[in-house]
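Reviewing the structure listed below.
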Amino acid sequence: MYRVEDTMRRIAVNAGQPDTLVFTTLTGIFASIENQPYIQERPINKRSIDMEKVARVNQLSRLFAAKEIDLGDLHAALTQLDQNTPFFPISWQILSAAVVSVTLMILFAQKYDWFDIPLAAVVGAIGFWVDIKVNTITNIRFISELLGALAVGLTAWIGIRLGWGHSLDNIIIGAIMPLVPGVAITNSIRDMLAGHLLSGMVRGMESILSACAIGVGIAIIFRFF
């Protein structure tokens, strides 16, 4: 949140409005000019952490500060970026989830069980794919994380039963990590350290609910299987 406010203030200053007042939360952005009777407010209906968009907005704000683009060009570029943010294909994201699952399984298990590596990669990829697909259907992110964790636990259990792996615990520990909201937790702490207590607590609560949803999905597997 502090980066959002800082970027908005810098753009306003470079546009000739040094006395701009900005207040941001995870659910809304408020901006006004000091001693002016009007306030602009924009609700935030869907939240995500997109570092590509953050980097490109920073780049555009720096170009505007350097007078390389004017205010109209900046607005058009920001609108275009919001509608067409570059991102890696879903297939690359799923492949990355498989790699992360394997590497973190080795890290947390503290041993190399080569027999578990293929199953951990497949389980992590399936769980991440389920999370993405469900997230496109519903706006309730906790449902997608719950079903993603459930898919991780179920496919890991099936793989172990079929003899494709040795340790159910190690495979689940690695495969579940792509679903864990690590960046959100980090940003929550960073916001609170920067004085944005409201946004920090809200994002922290979202992270806790996400972790609970993931934990429930895995707990169901251990309870009934």
Side-chain angles (χ1 to χ4, degrees), residues 1-97 100 128 131-132 135-136 138-141 144 178-207 209-210:
M1 289 296 103
Y2 79 95
R3 295 188 68 178
V4 174
E5 292 185 358
D6 180 68
T7 301
M8 291 179 66
R9 289 194 185 99
R10 288 178 183 274
I11 291 175
V13 169
N14 292 319
Q17 298 293 342
D19 298 325
T20 300
L21 305 176
V22 178
F23 178 70
T24 62
T25 69
L26 290 178
T27 56
I29 295 178
F30 306 84
S32 69
I33 299 175
E34 191 170 359
N35 298 323
Q36 296 294 324
Y38 301 108
I39 296 177
Q40 289 195 358
E41 183 268 339
R42 292 292 184 272
I44 301 174
N45 298 319
K46 188 173 182 179
R47 297 176 296 279
S48 64
I49 299 176
D50 191 336
M51 301 309 296
E52 178 70 21
K53 182 178 288 188
V54 171
R56 288 179 179 256
V57 168
N58 274 338
Q59 181 182 9
L60 290 173
S61 67
R62 292 178 186 277
L63 291 176
F64 180 64
K67 308 299 181 183
E68 297 183 22
I69 57 176
D70 59 23
L71 188 60
D73 294 333
L74 175 63
H75 182 269
L78 290 174
T79 302
Q80 177 69 18
L81 175 62
D82 185 48
Q83 296 174 351
N84 301 284
T85 304
F87 64 93
F88 287 106
I90 299 300
S91 58
W92 284 31
Q93 297 181 41
I94 294 174
L95 178 61
S96 300
V100 168
F128 188 75
D131 177 58
I132 291 177
N135 196 37
T136 60
T138 176
N139 291 327
I140 305 176
R141 56 177 296 184
S144 64
L179 303 179
V180 174
V183 177
I185 295 173
T186 302
N187 285 346
S188 170
I189 296 174
R190 183 64 184 86
D191 281 341
M192 287 190 285
L193 291 177
H196 294 265
L197 300 180
L198 180 61
S199 298
M201 288 188 291
V202 170
R203 193 177 293 278
M205 182 57 65
E206 281 189 339
S207 302
L209 292 176
S210 296

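The chain is numbered in sequence order, starting from 1. A quick note: this is a predicted structure, and the numbers were derived from the prediction, not measured.
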Drop me the distance from Asn187's CG to Tyr2's OH, to the nearest 0.5 angstrom.
-> 8.5 Å
Check whether any side-chain heavy atom of Phe64 lies under 4.5 Å from a side-chain heavy atom of Arg10, and answer yes or no.
-> no
Look up atom CZ in Arg9 and atom CG in Leu21, then write down how far apart they are to the nearest 0.5 Å.
-> 8.0 Å
Check residues 31-41 and write down every donor-acceptor pair under 3.5 Å in which the side-chain atom is one partner and the other belongs to a residue at least two apart or another chain.
none

Hey, what do you get for CZ (Arg190) to OG1 (Thr186), rounding to the nearest 0.5 Å?
-> 11.5 Å
Heavy-atom pair with the smallest gap, counting every atom of Ser207 and Ala184 | OG-CB, 3.4 Å
Exceeds 12 heavy-atom contacts within 6.0 angstrom, atom CZ of Phe30 | yes
Taking every non-hydrogen atom, the tightest pair across Val13 and Pro18 | CG2-CA, 3.9 Å
Give the intermediate values and the outcome of side-chain contact (heavy atoms from CB on, under 4.5 Å) for residues Ile11 and Met8.
-> CA-CA 5 Å; Ile11 291 175; Met8 291 179 66; 5.9 Å; no
What's the spacing between Thr24 OG1 and Asp6 CG if we round to 0.5 Å?
-> 11.0 Å
Can any side-chain N or O of Ser188 pair as donor or acceptor with the backbone N or O of Gly204 at less than 3.5 Å?
-> yes
Taking all heavy atoms of Asp70 and all of Asp73, pick out the closest pair and write down the distance.
-> OD1-N, 2.7 Å
Of all the heavy-atom pairs spanning Lys53 and Leu81, show the shortest one and how long it is.
-> O-CD2, 4.1 Å
Drop me the distance from Leu74's CG to Ile69's CD1, to the nearest 0.5 angstrom.
-> 5.0 Å
So how far is it from Ser210 OG to Arg203 CZ, rounded to the nearest 0.5 Å?
-> 10.5 Å
Close side-chain approach of Thr7 to Val57, heavy-atom, < 4.5 Å | yes
Heavy-atom side-chain contact between Met1 and Leu26 under 4.5 Å = yes
With a 4.5 Å heavy-atom cut-off, do Ile44 and Ile29 have their side chains touching?
-> yes
Sidechain-backbone polar pair: Ser199 side chain, His196 backbone, donor-acceptor under 3.5 Å = no
Would you indicate whether the side-chain heavy atoms of Asp82 and Thr79 approach each other to under 4.5 Å?
-> no
Where Ser144 and Asp131 come nearest, the two heavy atoms and their spacing = OG-OD1, 3.1 Å
